[in-house]
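As structure tokens, the structure follows; a few thoughts come after it.
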Amino acid sequence: MRWWVFIPVLALVLTMDAAFMPAFAIGGHVPQLWPLLLAFVALYASRGAALWAAMIVGVWLDAMHPALGVGAEAPRAVTVFGPHVLACAAGAWCVLETRTWLYRRNVLTVAFSAFNCALLASLAFIAIAGIRVAYADPSPLWGGGSGGAALGSDLVDALYSAVIAILPAWGLQSTLTVWGFATAGPRFAGGNRMNRGND
Amino acid sequence: MPFVSSRRILVIALGGAALLSALPQSFQTPWSGTLAGVLWAPLVPGASALSWARDRVRAPAEPYQGLPEELRAAREDRDQLQGELDAAQLRVGQLERELGELSGYRPADRAGWQPRLATVIERGAGRPAGLLGIDVGTAQGIGEADPVVVGGNQIIGMIAAGGAENRSWVIPLDDRRCGRIDAIVRPEAADGASDASGGTAAGGKKADKADKARNGTRTTVLVQLVPQGNRTLVGELESPANVKPGDSVLLSDAAWRTAAQGMRIGVVESEGALDANPLRRRITVRMESDPQRQSRVVVKVRVSGQGQGTRGTGAAK
């Protein structure tokens, strides 16, 4: 995978998630594009590249979503690195495990994988946050309410993200050759993969 | 990249992430904010541009939308003055109580405040949800616990500690992590008495009488509110308390900054009996402004050494 393509696209996607996607919020549910990008990469890139990409996405998400800790006068916004990294790795792993029985060239497959990725990432994040709240955090990282409620909300978010993802997924699929994926050749076979050294 | 193909480095990186995830916040506090600022910096120009695009796609829910500009400005000025009046009345009441007790008189907090206009550049997405990122920070004098308002007197949240030089986080008022909030429910004028207050001297006297009559029948009620998300807060009251839907709810919490006192939280949406305790009633308060749909907010920045009434005349930015 060409990292010089991935990093700028990731920056654009995260900027859109932070600043633009709230325009499409329905009932407090905001679609996100990072699961789509991560699922797209995990569908085509090598296993190692996909997991590294997931970790980079996770680091950036951790930087963008501070937790609230105890402060003197007001709760303190503290950036906690780690939870999103593991959550994104779990989401990417889910796609890596399922990609062998999926028809990857279909746009709906990418959207479906984005849903899987977002859902498993959410499950992992809430599990990690649930463990942390037992000994480290004054309030859970997922915000207020129970973990089950947060998971239910994230389920709707993931579904909505997958629906919104169909159009950008088509755009990503059309740029497939730009990414230089190891497993996205026109007539992919195991031998082709061995000969590609750009991962 | 060679590191991508190294399984050992990948496992070490994942292990490091797991270790960081397990460590308490205090282990990351000294450096994580700086790193987050560095990671966020390249996204700022794009986020500002996309925020503008977002507001074009979906207009922010500003107060008095659709009204002519002059009328809207006049109403916002009115609300701002109303907020200051409410705050002053609360302060007067507090001083009267203190003087009445003759035991613990404290000098008034002379710290004033200045408004700082800020643009919301990040909101809503991901976990934790709800925090709003704004484009002003410690460099502009923003401090922790500064109240954030819109429309002159509608409070929508407070500044979280740990902001950066040019970026701060706002905890919305309806976020459970804002904690319990002490407030007062102020009965609305049932007979239109407030409308008469702007007329002639005779009208003013009439209004005074109406105010006294009103205060005699329906007094303000103290209530502790618990944020519930989705623009709502709930509280419990003693059963005899005379609270009706439509009554205004004002913040009156000693834990909040002076500049936040008397700011309008919202209106009573509903009230009803509490099944678990028939002697108490439950009210639901709905915020008038949706924190998640604001594009611009005003932070009331504390200015030390100034009187409460000497704040700036306009937004500082």
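All values reported here derive from a predicted model rather than from experimental measurement. Numbers restart at 1 for each chain; the letters A, B, ... are given by sequence-line order, proteins then strands.
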Of the backbone (N, CA, C, O) and the side chain (C-beta and beyond), which part of B:Leu23 lies under 4.5 Å from a heavy atom of chain A, both, or neither? backbone
What distance separates A:Phe20 CZ from B:Ser51 OG, expressed to the nearest 0.5 Å? 10.5 Å
Under 4.5 Å from a heavy atom of chain A, the part of B:Ala49 involved: neither
Return yes if some donor-acceptor pair links the side-chain N/O of A:Ser161 with the main-chain N/O of A:Gln32 below 3.5 Å, else return no. yes
By a 4.5 Å heavy-atom criterion (distance strictly below it), what part of B:Arg257 contacts chain A: side chain, backbone, both, or neither? side chain
Give me the atom names and distance for the closest heavy-atom approach of B:Leu117 to B:Val136. O-CG1, 3.9 Å
When the 4.5 angstrom heavy-atom criterion is applied to A:Ala25 and chain B, the contacting part is both
For A:Glu97, I'd like to know if atom CD has over 12 heavy atoms of other residues, nucleotides or ligands within 6.0 Å. yes
Contacting moiety of B:Leu39, where chain A heavy atoms sit under 4.5 Å: both
Go through B:Trp52 and B:Ser48 one step at a time and tell me if the side-chain hydrogen bond (donor to acceptor under 3.5 Å, both in side chains) criterion holds. CA-CA 6 Å; B:Trp52 179 86; B:Ser48 300; over 6 Å; no
Using heavy-atom distances under 4.5 Å, tell me whether A:Met64 contacts chain B through its side chain, its backbone, both, or neither. both
When only pairs under 4.5 Å are counted, which of A:Val78, A:Val80, A:Ile128, A:Leu86 shares the most heavy-atom pairs with chain B? A:Leu86
Any non-hydrogen side-chain atom of B:Thr119 less than 4.5 Å from a side-chain atom of B:Ser295? no
What part of B:Arg167 gets closer than 4.5 Å to chain A, counting heavy atoms only: side chain, backbone, both or neither? side chain
If I measure from the heavy atoms of chain A, does B:Arg176 come under 4.5 Å with its side chain, its backbone, both, or neither? side chain
Short question: side chain of B:Gln28, backbone of A:Phe81 - any donor-acceptor pair under 3.5 Å? yes
Per-residue contact mode, A:Ala77 against chain B (heavy atom under 4.5 angstrom): both
